[in-house]
Amino acid sequence: MEVDLSPKLCKKVYGGDGGSYYAWSPAELAMLKEGNIGAAKLALEKNGFALPRYSDSAKVAYVLQGNGVAGIVLPEKEENVVALKKGDAIALPFGVVTWWYNKEDTELVVLFLGDTSTAHKTGEFTDFFLTGSNGIFTGFSSEFVSRAWDVDDKAVKTLVGNQTAKGIVKLDGSFKMPEPKKESREGFVYNCEEAPLDVDIKDGGKVVLLNTKNLPLVAEVGLGADLVRLDGKAMCSPGFSCDSALQVTYIVSGSGRVQVVGVDGRRVLETTVKAGHLFIVPRFFVVSKICDPDGMSWFSIITTPNPIFTHLAGRTSVWKALSPQVLEASLKVSPDDEQLFRSKRMNEEIFFPPPK
């Protein structure tokens, strides 16, 4: 069965004055269900507060825009209050409780990509709220709430009756939320825009990898990630994941062209992508990108903590490892043509500058 790989934009699920929550639906992006992947985005206005919740899925969160604060509570641990800024990646293991707050004028936008193999619905995140109109207090009877938290009926009515908003609220500007501590980011957050570059090609592009070496919690999440910034008109070498991993890509900025080649050498996707698009490359399919003059950046998760890629062009190309005789026989070319093919891109990495 053929699956539509076309990139899609997210749609609003709920929200109000404090902000909105958006998600990509597996009904529109079938590869979410096929690959057991969820994708969503949280956008908080000034004084917007995303109420405490836990999810049925492990995730990687990435701050696309703005500054803010997050509360992170691992099972049987104390709350960690961390400052957030653009470029931050946060590993959120299964069962972690989080809340999110924006006290700045600029909208805080956070992307969530994760594994839904433990989820109630394949290809979707389900959040369970501790508070709010759909929080746990609203589901239990007054008797159960009273006995569990040792409060009287009046307190129970207050706890339940005051919670009228769903998921996101707008706080009064004078309300004081917990202040983050600098040391709280240690082990929880890794800023991909400030980190040392794993790949840096002049006029080509730059890559920062997120893996178990720089953020150990990634091992619990089971996902690796990367931030790629491609310079104007540059090309990303055709390549594929050689450890049976899916690649889920969100276009952060800019635009460009994408081609994906699948089974039997068929091109299964040829399209233009732009900021806000999400698309998924199936296991072992080969993908390549050429960006427009203004450049393009994207954030991807890969469904393994320490992914390995095979590239088909450039210095590390698998073609370079094959013997000349094998290439001549398989490509059905002369030794001169084989030598010409092998000599190109000999010293270049995975990004190729535009033609001169």
Side-chain angles (χ1 to χ4, degrees), residues 1-13 20-43 57 59-60 62 64 109-117 119 121-125 205 223-230 232-241 244-303 307 309 311-312:
M1 182 180 69
E2 292 189 6
V3 178
D4 181 12
L5 300 182
S6 302
K8 296 292 190 296
L9 297 169
C10 57
K11 291 187 176 180
K12 183 176 177 179
V13 180
S20 300
Y21 180 84
Y22 304 84
W24 282 266
S25 168
E28 295 185 356
L29 187 56
M31 275 304 300
L32 290 173
K33 188 172 184 178
E34 292 289 324
N36 253 328
I37 294 295
K41 193 159 61 171
L42 175 68
S57 305
K59 307 172 186 174
V60 171
Y62 182 73
L64 296 167
V109 184
V110 183
L111 174 72
F112 299 97
L113 302 174
D115 174 20
T116 64
S117 58
K121 299 178 182 179
T122 304
E124 296 182 50
F125 298 139
L223 302 168
D226 60 21
L227 175 66
V228 180
R229 287 167 280 184
L230 204 59
K233 297 184 178 180
M235 180 182 190
C236 183
S237 166
F240 64 92
S241 169
S244 72
L246 280 170
Q247 186 173 12
V248 185
T249 299
Y250 175 86
I251 306 299
V252 176
S253 63
S255 59
R257 291 179 291 142
V258 175
Q259 290 187 357
V260 177
V261 175
V263 180
D264 293 328
R266 290 189 303 113
R267 188 186 309 154
V268 293
L269 179 66
E270 180 172 12
T271 190
T272 297
V273 291
K274 61 182 181 180
H277 272 154
L278 184 87
F279 70 98
I280 301 174
V281 178
R283 294 173 174 86
F284 304 113
F285 282 36
V286 181
V287 59
S288 184
K289 309 175 187 75
I290 298 177
C291 72
D292 291 336
D294 291 336
M296 182 169 66
S297 66
W298 62 85
F299 183 79
S300 298
I301 63 162
I302 303 94
T303 54
F309 284 93
H311 293 279
L312 301 179

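Count residues from 1 along the sequence. Everything numeric here is computed off the predicted structure, so don't read it as measured data.
- There is no side-chain donor-acceptor pair under 3.5 Å between Ser57 and Thr116.
- Scored by the side chain to side chain donor-acceptor pair (under 3.5 Å) test, Thr271 finds no partners at all (sequence neighbours excluded).
- If you take CD1 on Ile290 and CE on Met296, they are separated by 9.5 Å, rounding to the nearest 0.5 Å.
- Counting all heavy atoms, side chain and backbone alike, Val252 lies closest to Phe299 at CG2-N, 3.8 Å.
- Nearest heavy atom pair, residue Cys236 against residue Leu230, reads N-CD2, 4.2 Å.
- Partners of Lys33 according to the side chain to side chain donor-acceptor pair (under 3.5 Å) rule, which considers only residues two or more places apart in sequence or in another chain, do not exist here.
- Considering only heavy atoms from C-beta on, Val263 stays 4.5 Å or farther from Phe284 through its side chain.
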Determine, stepwise, if the pair Val109 / Lys41 fulfils side-chain contact (heavy atoms from CB on, under 4.5 Å).
CA-CA 7 Å; Val109 184; Lys41 193 159 61 171; 3.7 Å; yes

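- Minimum heavy-atom separation, Lys11 to Glu28: NZ-OE2, 2.6 Å.
- Summarising the geometry of Gly114 relative to Phe125, their closest heavy-atom pair is N-CZ, 3.4 Å, with the distance given to 0.1 Å.
- Counting only heavy atoms from C-beta outward, the side chains of Val273 and Trp298 never approach each other to under 4.5 Å.
- Contact between Ala275 and Leu9 at its shortest, heavy atoms only, is O-CD2, 4.4 Å.
- Between the CG atom of Leu278 and the CE atom of Met31 there is a distance of 11.0 Å, given to the nearest 0.5 Å.
- The side-chain heavy atoms of Thr249 and Val281, taken from C-beta on, include no pair separated by under 4.5 Å.
- In terms of modelled atom types and a separation under 3.5 Å, the side chain of Asp264 and the main chain of Arg266 share no donor-acceptor contact.
- For the side chain to side chain donor-acceptor pair (under 3.5 Å) test, no residue two or more places apart in sequence or in another chain qualifies with Lys233.
- Sequence neighbours left out, the pairs with a member in residues 284-296 that pass side-chain hydrogen bond (donor to acceptor under 3.5 Å, both in side chains) are Ser255-Asp292.
- For Ser25, the side-chain contact (heavy atoms from CB on, under 4.5 Å) partners at least two apart in sequence or on another chain are Ala27.
- Listed here is the closest heavy atom pair of Ile251 and Lys274: CB-O, 3.3 Å.
- A side-chain donor-acceptor contact under 3.5 Å links Thr303 to the backbone of Leu246.
- Put simply, SG on Cys10 and NE2 on His277 are 10.5 Å apart, with the number rounded to the nearest 0.5 Å.
- Applying the side-chain contact (heavy atoms from CB on, under 4.5 Å) test to Ala30 and every residue at least two apart in sequence or in another chain returns Val3.
- Residues Leu42 and Phe112 meet the side-chain proximity criterion, which asks for heavy atoms closer than 4.5 Å.
- Taking CG of Leu269 as the start and CZ of Arg257 as the end, the distance is 12.5 Å to the nearest 0.5 Å.
- Considering OG of Ser117 and CD1 of Ile37, their distance stands at 8.5 Å, rounded to 0.5 Å.
- Residues Ile301 and Asp115 fail the side-chain proximity criterion, which asks for heavy atoms closer than 4.5 Å.
- Screening Val268, Val261, Ile280 for a side-chain contact (heavy atoms from CB on, under 4.5 Å) with Phe285, the sole residue that qualifies is Val268.
- Put simply, CG on Leu5 and CD on Glu34 are 10.0 Å apart, with the number rounded to the nearest 0.5 Å.
- Between Trp24 and Tyr250, the ring-plane angle classifies as perpendicular under the 30° and 60° cut-offs.
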